[in-house]
Protein chains: 2
Amino acid sequence: MNLRELAQHLGLSKTTVSRALNGFSEVNEETRLRVQEAARRFNYTPNISAKRLATGESGAFGVVLPGASSEMADPVFGEFLAGLADGAGRCGRDLYVNATFDGEEAGYRRLARAKAVDVMILANLKVEDLRIRLLSHLGLQAVTCGRTAGSLVYPHLDIDHEDGVRRAVDLLTGLGHRAIALVSGPADLSASEQRMVGWHTALDRRGLTAEAGLFMAGPATEDHGYRATRTLLALPTAPTAFLCASMFLASGCCRAIGDCGLKIGRDVSVIAHDDGLATVRPEAFEPALTTTFSSIRSAGGRVAELAAALVGGADPADLSEVWPVDLIFRDSAQAPPRG
Amino acid sequence: MNLRELAQHLGLSKTTVSRALNGFSEVNEETRLRVQEAARRFNYTPNISAKRLATGESGAFGVVLPGASSEMADPVFGEFLAGLADGAGRCGRDLYVNATFDGEEAGYRRLARAKAVDVMILANLKVEDLRIRLLSHLGLQAVTCGRTAGSLVYPHLDIDHEDGVRRAVDLLTGLGHRAIALVSGPADLSASEQRMVGWHTALDRRGLTAEAGLFMAGPATEDHGYRATRTLLALPTAPTAFLCASMFLASGCCRAIGDCGLKIGRDVSVIAHDDGLATVRPEAFEPALTTTFSSIRSAGGRVAELAAALVGGADPADLSEVWPVDLIFRDSAQAPPRG
DNA sequence: AAAACAGCTCGAACCGGTTTGAAAGATCGG
DNA sequence: CCGATCTTTCAAACCGGTTCGAGCTGTTTT
């Protein structure tokens with residue numbers, strides 16, 4: 001059942017039927033109801049490709065997965081994607097996932113030229129992220145999850161990583177900790193940099209120094225969390241508290257602490273950032289982990305909404321948000337043992 | 001730059017240019033080269049929507065994420081999706097991800113009516129999976145990752161879960177184990193059922209009984225792995241070996257074993273199934289985990305290829321594969337302690 | 001009563017490709 | 001040299017929507 005057939009059935013023109021279904025005001029209300037009723041009865045859904053061709057809008061958002069890298073192996077990104085797809089659905093859009101085998105840049109170029117998507121979604125922003133410039137150069141709009149320090153203005157949603165770490169450090173220093181390690185994700189990520197800034201400023205404010213040796217960047221895996229923690233605990237001035245940038249890092253961190261014969265809470269404190277993945281819940285740790293929390297899935301959903309607003313003609317300057325982070329106190333953060 | 005403009009530049013008709021670029025034989029070879037050269041120079045890419053409208057093919061594969069559930073929280077699914085997107089890219093297709101807020105079935109119906117995708121991809125097949133019937137009823141082709149026991153014929157790719165578990169059990173019984181637990185994923189999953197069958201048959205062949213109490217189904221999380229293992233170790237006849245259906249279950253399993261003061265390898269053996277996620281590598285365990293291995297990412301890529309073949313008109317009956325599973329021996333499987 | 005106007009509806013053009021059927025030009029056998 | 005055949009190209013129709021501009025009512029304004 002297509003538009004022409006539906007119009008014939010109703011004894012109307014394609015024009016009127018199309019307008020009736022798309023909510024134009026010139027259509028008689030009675031006619032509109034008749035049309036809507038018929039559309040429902042005949043199970044009519046406009047052909048997406050035709051609609052896109054006619055409107056010039058693709059009705060889809062794009063995400064490029066760098067094929068070679070293992071970004072998707074990252075469950076946090078997966079969860080973000082789920083939120084994104086969910087939000088896109090709510091806005092009546094679809095999500096185009098493109099994993100290019102010929103390099104990320106080629107993927108963007110292809111999508112742009114083929115007018116396959118209305119907006120590109122970028123996540124895991126780097127400190128210096130070339131993709132933003134590339135896209136604006138290609139004439140593709142973009143919405144990002146995360147933000148860079150530069151002066152470029154683009155719609156984005158970000159978590160206040162800096163503040164989250166700051167508050168976590170405040171909590172720990174308040175409990176009496178003086179040597180606080182930061183077990184971080186990849187150093188080139190903007191989020192990692194923001195966390196480092198928060199760590200520095202919070203320690204500075206207390207008159208403590210952020211020892212460079214207590215900052216350990218690396219992949220956000222259990223493995224790196226374990227190794228980093230082992231390394232840190234072997235230092236002559238081992239830290240009494242650990243901030244982990246993800247739950248996976250925290251898993252490894254906790255395992256390392258256990259392997260060293262220490263007890264979390266009593267001997268060493270741990271605070272992790274929790275993105276809200278169902279598979280790694282802080283309550284499942286022993287003891288339950290104190291966390292900074294922000295749902296990455298919700299963030300994905302909101303990014304989709306921002307993208308929809310952008311397509312709808314909203315001013316890009318109005319489409320940026322920074323979400324606060326919750327600090328949730330559980331048992332893994334306690335006062336340090338008396339030295 | 002669109003087809004008409006390109007044709008004008010070349011002094012040719014749209015027809016000829018289109019055919020030259022799409023490899024039709026009636027075009028003069030010299031002309032074809034001229035056209036291809038010009039297309040490259042002007043950076044011409046056909047408009048996807050127009051192409052789709054004209055051909056009736058959408059050029060995309062569809063994946064529906066059940067919005068309410070947390071399938072995406074599952075990193076294994078994320079990795080599968082990455083492989084899928086990668087494979088789709090290699091075949092010149094795109095991936096349409098649809099997370100419906102109004103229920104999975106509604107999502108399929110919408111995609112079918114709007115002719116948004118050529119083939120649907122299904123993963124995480126249930127023992128009784130209604131989606132397959134629904135799709136064939138909607139006239140949508142499908143390729144699945146996983147297979148059900150029923151008599152329906154559909155293109156699929158599956159891992160030989162049954163054989164993997166059988167060989168793992170054989171290894172353990174060969175080492176002298178007699179009580180072998182199966183820490184499984186969700187019971188309604190077809191893969192879980194296949195694993196259970198493998199467990200039963202391998203034990204039967206050795207004249208051992210598969211105790212119902214040693215089968216623990218649940219979500220494929222660290223948490224469930226931990227709880228299940230604690231429960232099992234508290235049994236009067238505690239198992240001496242554990243088979244874990246995923247690396248996450250294995251993480252929890254190992255933690256539980258450690259918490260009970262036991263040592264993996266010496267006191268208790270563990271074999272896990274490894275889907276090849278970069279974040280949870282068996283070598284990172286202490287001791288390194290013996291695993292059955294099969295890359296879920298490669299599987300995703302292959303599923304995309306099968307889907308492309310299906311669109312290309314291949315006989316659906318020829319498009320099914322079952323991949324063998326590697327058994328990789330490491331240190332976590334040893335002979336049981338002498339009772 | 002003529003002019004202006006608002007409310008609905010419609011035919012036709014358009015989006016940018018693919019594909020059909022016809023035709024022009026080249027090649028060839030007789 | 002002519003008709004048959006093959007090669008190559010083209011104009012026009014088509015896919016299924018959206019949208020512009022015009023036309024046809026009937027009501028209000030002057």
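So you know, we letter chains A, B, ... as the sequences are listed, proteins then strands, and number each from 1.
The pair A:Glu57-A:Arg52 fails the salt-bridge criterion, with no side-chain N (NZ, NE, NH1 or NH2) lying under 4.0 Å from an Asp/Glu carboxylate O. By the 4.0 Å N-to-carboxylate-O rule, A:Glu305 lies close enough to A:Arg90 to be salt-bridged with it. Here A:Arg19 pairs with A:Glu26 in a salt bridge; the nearest charged N to carboxylate O distance falls below 4.0 Å. Under the 4.0 Å criterion applied to side-chain N and carboxylate O atoms, A:Arg34 and A:Glu37 are not assigned as salt-bridge partners.
Among D:dT18, D:dC15, C:dT9, the nucleotide with an atom closest to any side-chain atom of A:Lys51 is D:dT18. Listed nucleotides: C:dT19, C:dG16, C:dT18. Nearest to the side chain of B:Ala50: C:dG16. Distance from the side chain of B:Pro46 is smallest to C:dG17 among D:dT19, C:dT18, C:dG17. Listed nucleotides C:dT9, C:dG17, D:dG16 differ in distance to B:Tyr44; the shortest reach to its side chain belongs to C:dG17. Here the side chain of B:Ser18 is nearest to one of C:dT19, D:dC15, D:dC10, namely C:dT19.
Side-chain atoms of A:Lys14 come within donor-acceptor range of the base of D:dG17, with a qualifying N/O pair under 3.5 Å. Between the side chain of A:Thr15 and the base of D:dT19, a donor-acceptor pair under 3.5 Å is found.
Look at CD on B:Gln8: it is 14 Å from C1' on D:dA11, rounded to the nearest Å. The distance from atom CG of B:Leu3 to atom P of D:dC15 is 19 Å, rounded to the nearest whole Å. A straight line from NZ of B:Lys115 to P of D:dG16 spans 8 Å, rounded to a whole angstrom. Atom CD in B:Glu26 sits about 16 Å away from atom C1' in C:dG25, given to the nearest Å. Between the CD atom of A:Glu30 and the C1' atom of C:dC8 there is a distance of 12 Å, given to the nearest Å. In this entry the distance linking CG of A:Leu53 with C1' of C:dC14 reads 9 Å, nearest Å. At whole-Å resolution of the value, CD in A:Glu57 and P in C:dG16 are 14 Å apart. Remark: P of C:dT18 and CG of B:Leu6 are 12 Å apart, rounded to the nearest angstrom.
Among the protein residues, A:Arg19 comes within range of the nucleic acid bases, having at least one heavy atom under 4.0 Å from a base atom. At a threshold of 4.0 angstrom between heavy atoms, the contacts of B:Thr31 are confined to the sugar-phosphate backbone, with no base atom among them.
Contact between the side-chain N/O atoms of A:Thr16 and the OP1/OP2 oxygens of C:dT9 is not found at any separation under 4.0 Å. Applying the 4.0 Å criterion to OP1 and OP2 of C:dG16, one finds that B:Asn2 has a side-chain N or O inside that range. Contact check, B:Asn22 against C:dT18: a side-chain N or O comes under 4.0 Å of OP1 or OP2.
Considering OG of A:Ser295 and CD of A:Glu79, their distance stands at 6.5 Å, rounded to 0.5 Å.
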CA sep, side-chain torsions, deciding dist, call: B:Tyr96, A:Tyr96, ring-ring contact (aromatic ring centres under 6.0 Å, His included): CA-CA 5 Å; B:Tyr96 233 78; A:Tyr96 235 79; 5.5 Å; yes
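Summary of the strand contacts: A:Glu29 and B:Thr45 both lie near DNA chain C, and taking for each the nucleotide with the nearest heavy atom, the more 5' one is attributed to A:Glu29. Heavy-atom nearest nucleotides on DNA chain D were determined for B:Leu12 and for B:Thr55, and the one closer to the 5' end corresponds to B:Leu12.
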